[in-house]
Amino acid sequence: MIVARENDNKEMFRKNIGLLPLWLKESILKIDEKKLWDKVQVTYNDEDYPLCRYSEENRSFQINSQRPVEEAKQWCRNISIKGTGAIFMYGSGFGYPLFEIFAQKQPHTLVVLFEQDIYLFTAMLHYFDLEPIIRTQKIAFLIGEIEHFAKAFDQLFFSIVFANCTSPTIAFTPMAQRNFKTQYLKIHQYIFFQLGLFVFYIGNDHLDNLIGLHNLLANIKEIVQNPYISSLKDKYMDFPAFIIANGPSLDKNIQELKKIQDKGLIICTESAIIPLMKNGIKPDILTIIERTENTYKFHFKNIKYPEDMALLSLAIVDKQVYPSFPGAKIPIFRKLEAVNQWLNNYLGDESSLDAGANVSHLALEIAAYLGTNPIVFVGQDYAYGPEGVTHSKDSIYQQKQGERARKRIKARPIVYVEGNIEKIISSNQLWVDFKKGLERKIATHSQKEIINATEGGAKIQGTKCEQLVQVIQKYCTRSIPFCVHELIAANKKQISIKERKEGLQKFIKSVEEYARSFYKLSREAAHGKLTCREMIRLSQAKDVEKYRNILEENYQKNNSIYQLFIADDLYRCFCQQTIFVYFYLMNRLGLIDTPEKITTIFEIQHDFFYHLNIVCQSVAVHLEDAIKPLEDILEELEY
């Protein structure tokens with residue numbers, strides 16, 4: 001640990017600042033120096049170690065003791081460092097705990113440092129040489145309040161180093177516990193909530209990924225023949241939008257929706273369409289997010305929808321949905337998703353929506369994208385109704401056809417949430433997760449007035465509750481100038497088929513290239529599997545010690561090979577579930593310090609490669625099978 005004397009601290013700061021990531025460097029350079037040193041006072045003890053005192057508003061306190069090195073050593077002894085893949089460290093402690101962690105941890109362990117006070121972190125940069133720590137590439141700095149580092153945290157998640165964080169050790173420094181406990185508990189709760197969302201969005205089913213890929217490729221004809229979502233951007237500025245969900249409370253005020261007439265947009269989420277149509281209410285927009293065949297079976301098969309209604313759904317929906325819908329339609333690309341982005345690059349105009357995990361999330365994004373305001377939720381319960389009812393009485397889920405889905409919902413454990421009308425109501429964790437996802441999205445649309453006109457259900461943060469009849473009277477005061485389906489139809493006439501064909505030709509070439517790439521990855525995984533078998537054999541030999549170097553070399557080599565499977569966004573999309581599962585298993589094993597653990601780690605790596613082989617081979621086959629149908633579509637298109 002190299003410490004700067006007071007006369008050298010500016011030079012130390014310049015050195016450290018040059019080693020930081022750009023986002024953090026730019027933030028620190030904006031700090032007012034007078035304010036920094038008003039908040040932070042540094043003195044030296046009799047051993048020439050810098051001591052930090054912090055002042056804010058009406059309090060002032062020491063960040064570390066008079067013997068900061070000993071304090072850090074004692075603190076570190078109580079942390080389970082041995083064998084851990086990652087340490088989430090809350091509070092820098094003005095450097096000493098950080099240096100002690102790096103002195104004690106294993107070389108592969110990643111340290112994610114959360115320092116909620118950017119002034120304390122900046123002061124630390126003046127007094128300690130962080131180069132030895134930063135050069136290890138096993139440190140991630142997440143500095144400041146949540147809003148400040150949130151984007152950097154998201155980027156960290158989408159890197160291979162984050163795979164080490166599947167089973168992290170939690171370490172609150174003495175300073176964090178003593179002086180900033182509330183702030184760090186808030187960060188801790190946010191981080192693990194975000195981790196839960198990340199894992200939720202990643203999913204756990206490769207078959208689901210393949211279905212999505214299959215549907216997207218099968219829907220390409222619809223994509224190239226219809227307008228993009230950008231054709232509707234801000235076309236309904238400051239008109240009200242009513243998002244209709246299929247909660248049990250919909251039955252209470254469904255008839256009020258007829259009073260909207262043409263003075264607001266009605267956006268129907270998938271399963272609410274049957275109750276609306278049964279009650280003589282035609283939505284302007286029907287939207288869908290699910291990719292399974294049940295969407296078609298439940299809500300399209302043998303159902304005739306009016307032509308003056310628009311279908312705005314993800315391009316990933318079942319391939320039977322779009323052809324069975326007679327009205328205007330726009331397939332929507334999902335934002336920040338690799339396969340969708342891939343298609344969008346060749347066949348789209350880069351417009352896309354962050355669809356979230358629930359159809360109401362997509363409906364909110366559509367409403368906001370179209371410029372509507374206010375946005376009103378109806379039937380958005382995220383909770384059970386009286387006697388455990390799950391949906392509107394007219395929905396498919398209350399019929400025999402939807403019995404299986406209804407039973408699956410009712411089989412989930414009950415959780416209790418705050419209600420809009422009743423203090424506490426029953427729900428389940430899936431609905432709670434969907435509700436939290438919606439609340440997160442609502443927070444990103446702070447410029448919009450978002451109203452919850454659901455007569456019951458769970459309380460949704462970021463909305464204000466009003467009765468539907470009052471909302472309609474207040475906001476439905478002028479007629480919408482043009483219908484959604486008419487606008488889409490007008491834009492469809494302006495499509496350049498020539499440009500769409502050129503994009504499709506380039507896309508087919510890209511499909512061919514990716515098919516070859518996934519076959520190559522499959523062979524890499526197969527070779528890795530064979531190498532692991534040999535290492536398992538060597539690890540069980542009586543004279544295992546003479547093979548220790550080759551075992552270590554191949555263990556590290558395998559870890560570096562895994563990087564190949566996330567080197568491209570599309571690779572990562574299909575391999576990330578397997579990667580997170582097997583990194584979790586490896587991290588859980590801890591320190592590899594016995595012959596038995598050496599064998600176990602290679603058994604895990606063997607299975608890791610085995611499943612990566614299956615994943616990559618299956619993707620390659622799907623891509624290869626798609627080439628001929630895509631070429632047929634190309635032939636069908638006419639200028």
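Index from 1, following the sequence.
- Applying the 6.0 Å contact sphere to CD of Q429 captures more than 12 heavy atoms from other residues, nucleotides or ligands.
- Side-chain contact check for I63 versus F180: some heavy-atom pair is nearer than 4.5 Å.
- Counting non-hydrogen atoms of other residues, nucleotides and ligands closer than 6.0 Å to NZ of K39 gives a total above 12.
- Sorted by first then second residue, the salt bridge (Lys or Arg N to Asp or Glu O under 4.0 Å) pairs that include residues 345-368, not counting sequence neighbours, are D354-K441, E365-K441.
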- Message: Quick one, H188 with F192, criterion ring pair (Phe, Tyr, Trp, His ring centres under 6.0 Å). Give me CA distance, side-chain angles, the key distance, then yes/no.
- Response: CA-CA 6 Å; H188 180 69; F192 278 85; 4.7 Å; yes

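- Using a 4.0 Å cut-off between charged side-chain N and carboxylate O, R14 and E11 make a salt bridge.
- Atom OG of residue S313 and atom CZ of residue R291 lie 13.5 Å apart, to the nearest 0.5 angstrom.
- Here the straight-line distance linking atom CZ of F128 with atom CG of N16 works out to 10.5 Å at 0.5 Å rounding.
- Scanning both residues, L589 and K597, for their nearest heavy atoms gives O-NZ, 3.2 Å.
- A donor-acceptor pair under 3.5 Å is absent between the side-chain atoms of K448 and the main chain of I442, judged by distance alone.
- Judged purely by distance below 3.5 Å, without hydrogens or angles, the side chains of E552 and Q556 pair a donor atom with an acceptor atom.
- The CG atom of L216 sits 5.5 Å away from the CG atom of L343 when rounded to the nearest 0.5 Å.
- For the salt bridge (Lys or Arg N to Asp or Glu O under 4.0 Å) condition, the pairs that include at least one residue of residues 19-36, sequence neighbours left out, are K34-D38.
- Remark: L612 CG to I579 CD1 distance equals 6.0 Å, nearest 0.5 Å.
- Considering all non-hydrogen atoms of both residues, N344 and S352 come closest at ND2-CB, 4.0 Å.
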- Residue pair F239, Y475: steps toward the side chain to side chain contact (heavy atoms under 4.5 Å, CB included) verdict: CA-CA 8 Å; F239 282 97; Y475 295 103; over 6 Å; no

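- Shown here is K506, whose NZ atom has no more than 12 heavy atoms of other residues, nucleotides or ligands within 6.0 Å.
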- Between W342 and V511, is a side chain to side chain contact (heavy atoms under 4.5 Å, CB included) present by the stated rule, with each step listed? CA-CA 10 Å; W342 176 42; V511 172; 3.7 Å; yes

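- The minimum heavy-atom distance linking A363 with T269 is given by the pair CB-CG2, 4.1 Å.
- The number of heavy-atom neighbours closer than 6.0 Å to NZ of K235, taken from other residues, nucleotides and ligands shown, is 12 or below.
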- Item | Audit row: N358, Y382, side chain to side chain contact (heavy atoms under 4.5 Å, CB included) steps and yes/no | CA-CA 11 Å; N358 174 244; Y382 287 133; 2.8 Å; yes

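- Other residues, nucleotides and ligands place more than 12 heavy atoms under 6.0 Å from the NZ atom of K233.
- Taking CZ of F121 as the reference point, atom CD of Q116 lies at 13.0 Å (rounded to 0.5 Å).
- Looking at T173 and S92, their side chains never come closer than 4.5 Å, going by heavy atoms from C-beta outward.
- The salt bridge (charged side-chain N to carboxylate O under 4.0 Å, His left out) test applied to D48 returns R5, not counting sequence neighbours.
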- Message: Using ring pair (Phe, Tyr, Trp, His ring centres under 6.0 Å), reason through F574 and F565 one step at a time and then give a plain yes or no.
- Response: CA-CA 9 Å; F574 290 101; F565 295 86; over 10 Å; no

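- Judged by distance alone, the side chain of S27 and the main-chain N or O of W23 form a donor-acceptor pair under 3.5 Å.
- Minimum interatomic distance between P227 and S231 (heavy atoms only, all atoms of both residues): CB-OG, 3.9 Å.
- Counting heavy atoms from C-beta outward, I134 and L20 have side chains that approach closer than 4.5 Å.
- Under the 4.5 Å side-chain criterion, counting only non-hydrogen atoms from C-beta, M175 is not in contact with N64.
- Within the 4.5 Å cutoff, side-chain heavy atoms of H148 are placed close to those of I118.
- Residues F377 and I450 have side chains in contact (heavy-atom distance under 4.5 Å, counting atoms from C-beta outward).
- The shortest distance between side-chain heavy atoms of I101 and I81 falls below 4.5 Å.
- Judged as a salt bridge (Lys or Arg N to Asp or Glu O under 4.0 Å), the pairs with a partner in residues 107-133 (not counting sequence neighbours) are, in order, K15-D129, K15-E131, E131-R135.
- Sorted by first and then second residue, the salt bridge (Lys or Arg N to Asp or Glu O under 4.0 Å) pairs involving residues 143-153 (not counting sequence neighbours) form an empty list.
- Closest approach of S55 to S60, counting heavy atoms only: OG-OG, 3.2 Å.
- Residues meeting the ring-ring contact (aromatic ring centres under 6.0 Å, His included) test with F609, sequence neighbours left out: Y562.
- Between the R334 side chain and the L314 main chain, no donor and acceptor come within less than 3.5 Å of each other.
- For T169, the side-chain contact (heavy atoms from CB on, under 4.5 Å) test picks out I79, T84, I87, with sequence neighbours left out.
- Partners of H126 by ring-ring contact (aromatic ring centres under 6.0 Å, His included), not counting sequence neighbours, listed by chain and number: F13, W37.
- Of the charged side-chain nitrogens involved, at least one lies within less than 4.0 Å of a carboxylate oxygen, so that E439 and K435 count as a salt-bridged pair.
- M586 has its side chain within reach of N559: a pair of non-hydrogen atoms, C-beta onward, lies under 4.5 Å apart.
- Applying the side chain to side chain donor-acceptor pair (under 3.5 Å) criterion to N45, with sequence neighbours excluded, gives no partner residue.
- Not counting sequence neighbours, H445 has no partner by the ring-ring contact (aromatic ring centres under 6.0 Å, His included) test.
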- Would Y96 and W75 count as a side chain to side chain contact (heavy atoms under 4.5 Å, CB included) if you check the C-alpha gap in whole Å, the side-chain angles of each, and the deciding distance to 0.1 Å? CA-CA 10 Å; Y96 296 101; W75 166 76; over 6 Å; no

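- In this structure, K186 is not positioned above the aromatic face of Y190 in the sense of NZ or CZ being under 6.0 Å from the six-membered ring centre and within 45° of the axis.
- The backbone N or O of F172 sits less than 3.5 Å from a side-chain atom of Q177, completing a donor-acceptor pair.
- Taking CG of L353 as the reference point, atom CG of N340 lies at 10.5 Å (rounded to 0.5 Å).
- Between T372 and P240 the shortest heavy-atom distance is CB-C, 4.4 Å.
- The aromatic rings of F88 and Y90 sit perpendicular to each other, their planes meeting at more than 60°, with 30° as the lower class boundary.
- In this structure, the salt bridge (charged side-chain N to carboxylate O under 4.0 Å, His left out) partners of R178, at least two apart in sequence or on a different chain, are E71.
- Taking the side-chain contact (heavy atoms from CB on, under 4.5 Å) definition, one finds that N345 meets it with Q341, sequence neighbours left out.
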